[in-house]
2 protein chains.
Amino acid sequence: MQNRLADIILFHRKRSGLTQQELAELAGVGKNMIYELENGKISVRLDNLLKVLQVMNIELNFHSPLWEAFLREHSDAKR
Amino acid sequence: MQNRLADIILFHRKRSGLTQQELAELAGVGKNMIYELENGKISVRLDNLLKVLQVMNIELNFHSPLWEAFLREHSDAKR
DNA sequence: CACATTTACCCTGTTTTAAGGGAAAATATG
DNA sequence: CATATTTTCCCTTAAAACAGGGTAAATGTG
(Lines give C-alpha, C1' and ligand atoms only; values in the text may rest on other atoms or scores of the structure.)
Protein backbone atom coordinates (compact mmCIF):
# COMPACT_ATOMS: atom_id res chain seq x y z
CA MET A 1 0.00 0.00 0.00
CA GLN A 2 2.84 2.36 -0.65
CA ASN A 3 1.47 4.20 -3.61
CA ARG A 4 -1.89 5.35 -2.36
CA LEU A 5 -3.21 7.17 -5.39
CA ALA A 6 -2.93 4.16 -7.66
CA ASP A 7 -4.75 2.00 -5.13
CA ILE A 8 -7.54 4.46 -4.62
CA ILE A 9 -8.16 4.75 -8.31
CA LEU A 10 -8.14 1.02 -8.88
CA PHE A 11 -10.33 0.35 -5.90
CA HIS A 12 -12.97 2.81 -6.99
CA ARG A 13 -12.95 1.77 -10.58
CA LYS A 14 -13.48 -1.85 -9.66
CA ARG A 15 -16.25 -0.97 -7.26
CA SER A 16 -17.89 1.05 -10.00
CA GLY A 17 -17.74 -1.92 -12.31
CA LEU A 18 -15.93 0.04 -14.99
CA THR A 19 -13.18 -1.01 -17.33
CA GLN A 20 -10.20 1.27 -17.83
CA GLN A 21 -11.60 2.12 -21.21
CA GLU A 22 -15.00 3.10 -19.84
CA LEU A 23 -13.56 5.18 -17.06
CA ALA A 24 -11.33 6.93 -19.54
CA GLU A 25 -14.28 7.80 -21.74
CA LEU A 26 -16.37 9.03 -18.84
CA ALA A 27 -13.54 11.21 -17.63
CA GLY A 28 -12.61 12.38 -21.07
CA VAL A 29 -9.04 11.16 -20.97
CA GLY A 30 -7.10 8.51 -22.83
CA LYS A 31 -7.15 4.87 -21.81
CA ASN A 32 -3.42 4.82 -21.26
CA MET A 33 -3.70 7.56 -18.72
CA ILE A 34 -5.93 5.40 -16.53
CA TYR A 35 -3.58 2.49 -16.90
CA GLU A 36 -0.60 4.59 -15.94
CA LEU A 37 -2.40 6.16 -13.03
CA GLU A 38 -3.23 2.73 -11.64
CA ASN A 39 0.34 1.67 -12.11
CA GLY A 40 2.00 4.37 -10.12
CA LYS A 41 2.77 7.11 -12.57
CA ILE A 42 2.65 10.43 -10.76
CA SER A 43 3.68 12.78 -13.50
CA VAL A 44 0.19 12.97 -14.88
CA ARG A 45 -1.43 16.33 -15.37
CA LEU A 46 -3.44 17.54 -12.42
CA ASP A 47 -6.43 18.53 -14.51
CA ASN A 48 -6.66 15.03 -15.93
CA LEU A 49 -6.39 13.48 -12.51
CA LEU A 50 -9.17 15.73 -11.28
CA LYS A 51 -11.45 14.63 -14.09
CA VAL A 52 -10.93 11.02 -13.13
CA LEU A 53 -11.49 11.69 -9.45
CA GLN A 54 -14.69 13.56 -10.17
CA VAL A 55 -16.16 10.68 -12.12
CA MET A 56 -15.70 8.46 -9.12
CA ASN A 57 -16.69 10.99 -6.51
CA ILE A 58 -13.32 11.13 -4.89
CA GLU A 59 -12.57 14.36 -3.09
CA LEU A 60 -9.15 15.89 -2.98
CA ASN A 61 -8.05 18.10 -0.16
CA PHE A 62 -5.10 19.78 1.34
CA HIS A 63 -4.17 20.40 4.87
CA SER A 64 -1.45 21.82 7.00
CA PRO A 65 -1.35 23.30 10.48
CA LEU A 66 -1.04 26.82 9.13
CA TRP A 67 -3.93 26.49 6.76
CA GLU A 68 -6.20 24.97 9.37
CA ALA A 69 -5.51 27.75 11.79
CA PHE A 70 -6.27 30.24 9.07
CA LEU A 71 -9.53 28.58 8.18
CA ARG A 72 -10.55 28.44 11.81
CA GLU A 73 -9.98 32.14 12.25
CA HIS A 74 -11.99 32.98 9.20
CA SER A 75 -14.88 30.62 9.77
CA ASP A 76 -15.88 32.63 12.83
CA ALA A 77 -17.52 35.12 10.54
CA LYS A 78 -19.92 32.46 9.37
CA ARG A 79 -21.54 31.57 12.63
CA MET B 1 -11.91 31.78 -2.85
CA GLN B 2 -12.99 29.71 -5.77
CA ASN B 3 -9.66 28.30 -6.74
CA ARG B 4 -8.43 26.81 -3.52
CA LEU B 5 -5.11 25.40 -4.61
CA ALA B 6 -3.75 28.73 -5.79
CA ASP B 7 -4.74 30.36 -2.52
CA ILE B 8 -3.19 27.66 -0.40
CA ILE B 9 0.09 27.88 -2.21
CA LEU B 10 0.25 31.64 -2.04
CA PHE B 11 -0.73 31.71 1.60
CA HIS B 12 1.95 29.25 2.62
CA ARG B 13 4.64 30.82 0.55
CA LYS B 14 4.01 34.23 2.05
CA ARG B 15 3.95 32.80 5.55
CA SER B 16 7.24 31.12 4.83
CA GLY B 17 8.70 34.40 3.71
CA LEU B 18 9.80 32.97 0.40
CA THR B 19 9.83 34.54 -3.02
CA GLN B 20 8.52 32.56 -5.98
CA GLN B 21 12.09 32.13 -7.08
CA GLU B 22 13.20 30.74 -3.74
CA LEU B 23 10.30 28.37 -3.45
CA ALA B 24 10.96 27.16 -6.96
CA GLU B 25 14.56 26.43 -6.13
CA LEU B 26 13.72 24.63 -2.90
CA ALA B 27 11.15 22.50 -4.68
CA GLY B 28 13.32 21.92 -7.68
CA VAL B 29 10.93 23.36 -10.22
CA GLY B 30 10.96 26.38 -12.47
CA LYS B 31 9.96 29.81 -11.28
CA ASN B 32 7.20 30.04 -13.84
CA MET B 33 5.59 26.95 -12.47
CA ILE B 34 5.11 28.61 -9.09
CA TYR B 35 3.71 31.70 -10.70
CA GLU B 36 1.25 29.68 -12.73
CA LEU B 37 0.20 27.59 -9.76
CA GLU B 38 -0.58 30.71 -7.79
CA ASN B 39 -2.52 32.03 -10.71
CA GLY B 40 -4.93 29.19 -11.16
CA LYS B 41 -3.30 26.92 -13.66
CA ILE B 42 -4.36 23.37 -12.96
CA SER B 43 -2.70 21.58 -15.82
CA VAL B 44 0.56 21.33 -13.96
CA ARG B 45 2.19 17.98 -13.48
CA LEU B 46 1.23 16.21 -10.30
CA ASP B 47 4.80 15.32 -9.36
CA ASN B 48 5.79 18.95 -9.56
CA LEU B 49 2.85 20.00 -7.47
CA LEU B 50 3.79 17.41 -4.87
CA LYS B 51 7.32 18.75 -4.65
CA VAL B 52 5.99 22.20 -3.95
CA LEU B 53 3.53 20.96 -1.36
CA GLN B 54 6.24 19.01 0.42
CA VAL B 55 8.46 22.03 0.79
CA MET B 56 5.69 23.83 2.59
CA ASN B 57 4.47 20.87 4.60
CA ILE B 58 1.10 20.72 2.95
CA GLU B 59 -0.51 17.32 3.00
CA LEU B 60 -2.63 16.04 0.18
CA ASN B 61 -5.34 13.50 0.72
CA PHE B 62 -8.25 11.84 -0.90
CA HIS B 63 -11.51 10.79 0.45
CA SER B 64 -14.77 9.24 -0.56
CA PRO B 65 -17.41 7.27 1.30
CA LEU B 66 -16.30 4.01 -0.30
CA TRP B 67 -12.68 4.50 0.53
CA GLU B 68 -13.35 5.45 4.13
CA ALA B 69 -15.47 2.39 4.67
CA PHE B 70 -12.70 0.28 3.21
CA LEU B 71 -10.07 1.82 5.46
CA ARG B 72 -12.24 1.36 8.49
CA GLU B 73 -12.66 -2.33 7.77
CA HIS B 74 -8.97 -2.84 7.33
CA SER B 75 -7.76 -0.81 10.25
CA ASP B 76 -9.28 -3.36 12.61
CA ALA B 77 -6.24 -5.53 12.10
CA LYS B 78 -4.07 -2.85 13.65
CA ARG B 79 -5.65 -2.69 17.04
C1' DC C 1 -11.07 -26.22 -21.79
C1' DA C 2 -12.66 -22.91 -25.42
C1' DC C 3 -13.96 -18.15 -25.89
C1' DA C 4 -14.74 -13.20 -24.58
C1' DT C 5 -13.19 -9.50 -22.12
C1' DT C 6 -9.90 -6.82 -20.00
C1' DT C 7 -5.33 -5.30 -19.02
C1' DA C 8 -0.47 -4.54 -20.07
C1' DC C 9 2.46 -2.37 -22.84
C1' DC C 10 4.36 -1.34 -27.35
C1' DC C 11 4.59 2.65 -30.98
C1' DT C 12 3.51 7.27 -33.48
C1' DG C 13 2.33 11.99 -34.00
C1' DT C 14 0.59 16.01 -31.75
C1' DT C 15 0.16 19.11 -28.12
C1' DT C 16 1.56 21.03 -23.90
C1' DT C 17 4.25 21.64 -19.92
C1' DA C 18 8.55 23.04 -18.15
C1' DA C 19 12.80 25.67 -17.48
C1' DG C 20 14.99 29.70 -17.57
C1' DG C 21 16.19 34.24 -19.64
C1' DG C 22 14.57 38.83 -20.07
C1' DA C 23 12.14 43.07 -19.12
C1' DA C 24 8.15 45.94 -17.89
C1' DA C 25 4.84 46.53 -14.18
C1' DA C 26 3.84 46.34 -9.52
C1' DT C 27 5.07 46.44 -4.86
C1' DA C 28 7.97 47.10 -0.89
C1' DT C 29 11.36 49.75 1.64
C1' DG C 30 14.81 53.26 2.98
C1' DC D 1 10.17 60.11 -3.72
C1' DA D 2 14.05 57.21 -5.26
C1' DT D 3 15.59 52.64 -5.41
C1' DA D 4 15.58 47.60 -4.62
C1' DT D 5 12.88 43.64 -4.80
C1' DT D 6 9.35 40.90 -6.49
C1' DT D 7 5.89 39.59 -9.63
C1' DT D 8 3.88 39.32 -14.11
C1' DC D 9 4.21 37.76 -18.48
C1' DC D 10 6.70 37.24 -23.03
C1' DC D 11 9.87 34.21 -25.67
C1' DT D 12 12.52 29.91 -27.03
C1' DT D 13 13.89 25.20 -26.78
C1' DA D 14 13.60 20.63 -24.97
C1' DA D 15 11.28 17.05 -22.80
C1' DA D 16 7.21 14.70 -21.68
C1' DA D 17 2.25 13.78 -21.43
C1' DC D 18 -1.46 12.71 -24.18
C1' DA D 19 -4.72 10.19 -27.28
C1' DG D 20 -5.52 6.39 -29.64
C1' DG D 21 -4.26 2.22 -32.39
C1' DG D 22 -2.54 -2.37 -32.08
C1' DT D 23 -1.53 -6.92 -29.93
C1' DA D 24 0.06 -10.36 -26.64
C1' DA D 25 -0.74 -11.69 -22.01
C1' DA D 26 -3.74 -12.22 -18.39
C1' DT D 27 -8.03 -12.89 -16.48
C1' DG D 28 -12.96 -14.02 -16.35
C1' DT D 29 -16.84 -16.86 -17.77
C1' DG D 30 -19.88 -20.39 -19.98
Side-chain angles (χ1 to χ4, degrees), chain A residues 1-62 64 66-67 69-71 73-74, chain B residues 1-62 64 66-67 69-71 73-74:
Chain A
M1 274 262 170
Q2 187 57 307
N3 196 325
R4 281 262 267 286
L5 180 52
D7 296 325
I8 293 175
I9 303 282
L10 177 63
F11 173 81
H12 280 81
R13 181 174 64 77
K14 286 300 188 187
R15 280 270 165 124
S16 310
L18 297 168
T19 63
Q20 294 176 348
Q21 182 86 260
E22 289 167 333
L23 175 54
E25 279 161 16
L26 283 172
V29 302
K31 69 180 177 26
N32 283 334
M33 201 261 180
I34 303 293
Y35 166 68
E36 291 169 337
L37 214 46
E38 291 184 354
N39 286 83
K41 182 173 180 180
I42 59 166
S43 56
V44 296
R45 267 170 34 192
L46 180 61
D47 57 343
N48 280 343
L49 172 60
L50 292 176
K51 288 187 214 163
V52 173
L53 295 181
Q54 263 186 314
V55 166
M56 300 192 291
N57 257 295
I58 304 171
E59 219 176 275
L60 180 57
N61 44 27
F62 307 93
S64 81
L66 283 177
W67 186 246
F70 174 75
L71 288 181
E73 280 177 34
H74 293 273
Chain B
M1 275 263 170
Q2 188 56 310
N3 196 327
R4 281 260 268 285
L5 180 52
D7 295 326
I8 293 175
I9 302 281
L10 177 63
F11 173 82
H12 280 81
R13 181 173 65 78
K14 286 300 186 186
R15 280 270 166 123
S16 310
L18 297 168
T19 64
Q20 293 177 348
Q21 183 86 259
E22 290 168 333
L23 175 53
E25 279 160 17
L26 283 172
V29 302
K31 68 181 180 18
N32 283 333
M33 200 261 179
I34 303 293
Y35 166 69
E36 291 168 338
L37 256 184
E38 291 184 353
N39 285 82
K41 182 172 181 181
I42 58 166
S43 55
V44 296
R45 263 168 41 188
L46 180 61
D47 56 343
N48 280 343
L49 171 60
L50 292 175
K51 289 187 214 162
V52 173
L53 295 181
Q54 263 186 314
V55 167
M56 298 191 294
N57 257 295
I58 303 171
E59 218 176 274
L60 179 56
N61 45 26
F62 306 93
S64 81
L66 283 177
W67 186 248
F70 174 75
L71 288 182
E73 279 177 35
H74 293 272

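Letters A, B, ... mirror the listed sequences (proteins, then strands); counts begin at 1. Just so it is clear, the values below take in all heavy atoms, side chains as well, and ignore hydrogens, waters and symmetry mates.
- The two atoms that bring A:E38 and A:A6 nearest to each other are O-CB, 3.5 Å, heavy atoms only.
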Using side-chain contact (heavy atoms from CB on, under 4.5 Å), reason through B:L10 and B:L37 one step at a time and then give a plain yes or no.
CA-CA 9 Å; B:L10 177 63; B:L37 256 184; over 6 Å; no

Tabulate atom names and distances for all N/O pairs under 3.5 angstrom spanning the protein and nucleotides 22-30 of chain C.
{"residue": "C:dG22", "atom": "O6", "partner": "B:K31", "partner atom": "NZ", "Å": "3.2"}

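- How far CD of B:Q20 is from CZ of B:R13: 4.5 Å, rounded to the nearest 0.5 Å.
- A distance of 11.5 Å separates CG in B:D7 from NE2 in B:H12, rounded to the nearest 0.5 Å.
- Judged as a side chain to side chain donor-acceptor pair (under 3.5 Å), not a single pair has a partner in residues 25-35 of chain B (not counting sequence neighbours).
- The distance from the CG atom of A:L46 to the CG atom of B:D47 is 11.0 Å, given to the nearest 0.5 Å.
- Rounded to 10°, the helix from C:dC1-D:dG30 to C:dG30-D:dC1 has 70° between the axis fitted to its first five pairs and the one fitted to its last five.
- Within the model, atoms NZ of B:K51 and CG of B:L26 stand 12.5 Å from one another, a figure rounded to the nearest 0.5 Å.
- The nearest whole Å value for the distance from the CD atom in B:E25 to the C1' atom in C:dA18 is 16 Å.
- In this structure, the separation between CD1 on A:I58 and CG on B:L66 is 8.5 Å, given to the nearest 0.5 Å.
- You can see that DNA chain D meets the heavy atoms of chain B within a 4.0 Å-exclusive cut from D:dT6 to D:dA17, reading 5' to 3'.
- Taking atom CG on B:L37 and atom P on C:dT17, their separation rounds to 12 Å, with Å as the unit.
- Relative orientation of the B:W67 and A:F11 rings is perpendicular, given thresholds of 30° and 60° on the angle between their planes.
- Less than 4.0 Å separates DNA chain D from at least one heavy atom of each of the following residues of residues 45-52 of chain A: A:R45, A:N48.
- We find the CD1-CG distance between B:I34 and B:L23 to be 4.0 Å, quoted to the nearest 0.5 Å.
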Run B:V52 and B:V44 through side-chain contact (heavy atoms from CB on, under 4.5 Å) and show every step you take.
CA-CA 11 Å; B:V52 173; B:V44 296; over 6 Å; no

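- Within residues 16-24 of chain B, no residue has any heavy atom closer than 4.0 Å to DNA chain C.
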